[in-house]
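Some notes on the structure that comes next.
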Amino acid sequence: MKDLLVMKFGGTSVGSAERMRAAASLALAERPRRPVAMVVSAMSKITDLLLDTMRHAEAGDRAGMARNLAALRARHEDACRDLLPAARHAPVMAAIHKLIADFERITGGMAMLNVRPPRSVDEAVATGERLSALLISEHLKAEGIPAAMIDALDVVVTDAVFGNASPLMEPTREKARQRVLPLLEKGILPVVTGFNGATADGRPTTLGRGGSDFSASILAAALDASELWIWTDVDGIMSADPRLVPDAVVLDEITYAEAAELAYNGAKVLHARTLAPLVEKRIPVWSKNSFAPEKPGTRIVPASSASTGARAVTSMPKVALVSLEPLSPELSGAQIMARSLDALAHANVEVLGLTSSGYRQNFCFLVGEGELERAVEAVESALALELAHGYVKPVQVDGNVGLLAVVGEGMQGKPGLAGRVFTAISREAVNVIAIAQGASELTIAIVVRRDGLEKAVRAIHAECGMGGSKSLDVSR
Ligand code: ASP
Ligand code: MG
């Protein structure tokens, strides 16, 4: 649709009645100029609460479930009372209770059978988004704005990877045209749930934690939007985590590729898969702060003219390095690696980095702490025979590591840069454990001892002149 603006609001940006009001007025401020569609996350912390409730259910802990359900109800009832005029309280409370009852029905089943199947988790966990989309659309209507809540399970068609589904763009485009476009054409503001979708045969799915950004970009691509604005609680995408690096700055503009690399390597401001659906249509994205909307934010564009060296450095403390080493010379290291990676892919483990060495054919890969157990299980079962016979050394895990990544399109073909990065780290006496440079030359990823991570990040940020002082020549 011509000139369509898709606006996505994260959990803190809809975390209370007051924030929902602010979100609605940010959308309404643009609406005189162009059509707007909203995509919303659950209220802050609600998805964690829902997932925790399902863990209690699996354990058969009825008291824990009841406690969480009471908190879930109270948070949304409070928001309803604060947000809406008294006349709307009864019907909207009823709708809230209906959504929570659906959630309770599914978790009740889990408690009865002591299971927590991914498929049922996906059916239940988007309740938070349904509740927030309901409240925001009701608020808009109460303000006299024609609005409609849309459950993305009627729009976003995905594969059947529960918990981390991928969109199927053609059927999604078709559904968006049927379900969302007619509303926009009638001047109705759609408020779409983030995070969720459904398979072609209607089984509910979710797009992974933090997936509402991805929902918004899927919708923007499906509707040929002209822009996507992602509202969060920070000023934009920064040159480093400001809690680690006090002189970190907000970047005015970065490319899709840079943003994706930053997200994959631990920058929390954007879900890593957000940019992919936008590449073909080259839809520009803004990352903006709903708590300080007057600030410009960061513009994310398909390609940038300015080649500006290293732009940002990210860090991920909660990772672990898993190593494998064939002991038998008869064994092909490439085979072991291929089977391990295959097992990891099947277990839906995200491999954050991978290095190998020719001699003795050992290799190691990096995963998030949360996926470590699943990763080791997957590899151990794929190589059960080789491990049992001692052809492969027992899987080694090193949890005392951290990942940092230096990102910038302008690093391509700047031979001195890697040297400067490593010199900066070594000056801090930080131990480098593994290095990976993507084929794109956009990113240098470095695994260091965990206690050296923060020092290394600060040293690189200073060395590459990423901080406030613009006078530094960053393209050296
Ligand atoms: N509410 C979901 C989560 O917390 C999705 C999102 O916020 O983007 O993961
Ligand atoms: Mg988010």
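For ligands, and for the atoms within them, numbers begin at 1 and follow the listed sequence.
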Checklist line | Electrostatic pair Glu123:Arg119 at N-O distance under 4.0 angstrom | finding: no
Note to self: Any heavy atom of Gly194 closer to ligand 1 than 4.0 angstrom?
What the structure shows: no
Margin query: Ring of Phe291, cation from Arg19 - is the NZ or CZ under 6.0 Å from the centre and inside 45° of the axis?
Written below: yes
Item checked: Close approach, His271 and ligand 1, non-hydrogen under 4.0 angstrom -> no
Note to self: Side chain or backbone, does Thr47 bring an N or O within less than 3.5 Å of an N or O on ligand 1?
What the structure shows: yes
Check: Which atoms of ligand 1 are found less than 4.0 Å from any heavy atom of Ser41?
Finding: 6 (C), 7 (O), 8 (O)
Margin query: So if I count the atoms of ligand 1 from 1 in the order they appear, which ones are less than 4.0 Å from some heavy atom of Arg209?
Written below: 3 (C), 4 (O), 9 (O)
Note to self: Does Glu280, at its CD atom, have more than 12 non-hydrogen atoms belonging to other residues, nucleotides or ligands within less than 6.0 Å?
What the structure shows: no
Item checked: Arg75 side chain to Ser44 side chain, donor-acceptor N/O pair below 3.5 angstrom -> yes
Check: Looking at ligand 1, does Gly10 have a heavy atom less than 4.0 Å from it?
Finding: no
Next item on the list: Pick out which of Asp151, Asp102, Thr193 makes a side chain to side chain donor-acceptor pair (under 3.5 Å) with Arg130.
Entry: Asp151
Notebook entry, point to check: Under 3.5 Å between some N or O of ligand 1 and some N or O of Phe195?
Noted result: no
Item checked: Worked check of side-chain contact (heavy atoms from CB on, under 4.5 Å) between Arg209 and Asp48 -> CA-CA 10 Å; Arg209 289 309 305 273; Asp48 289 334; 3.1 Å; yes
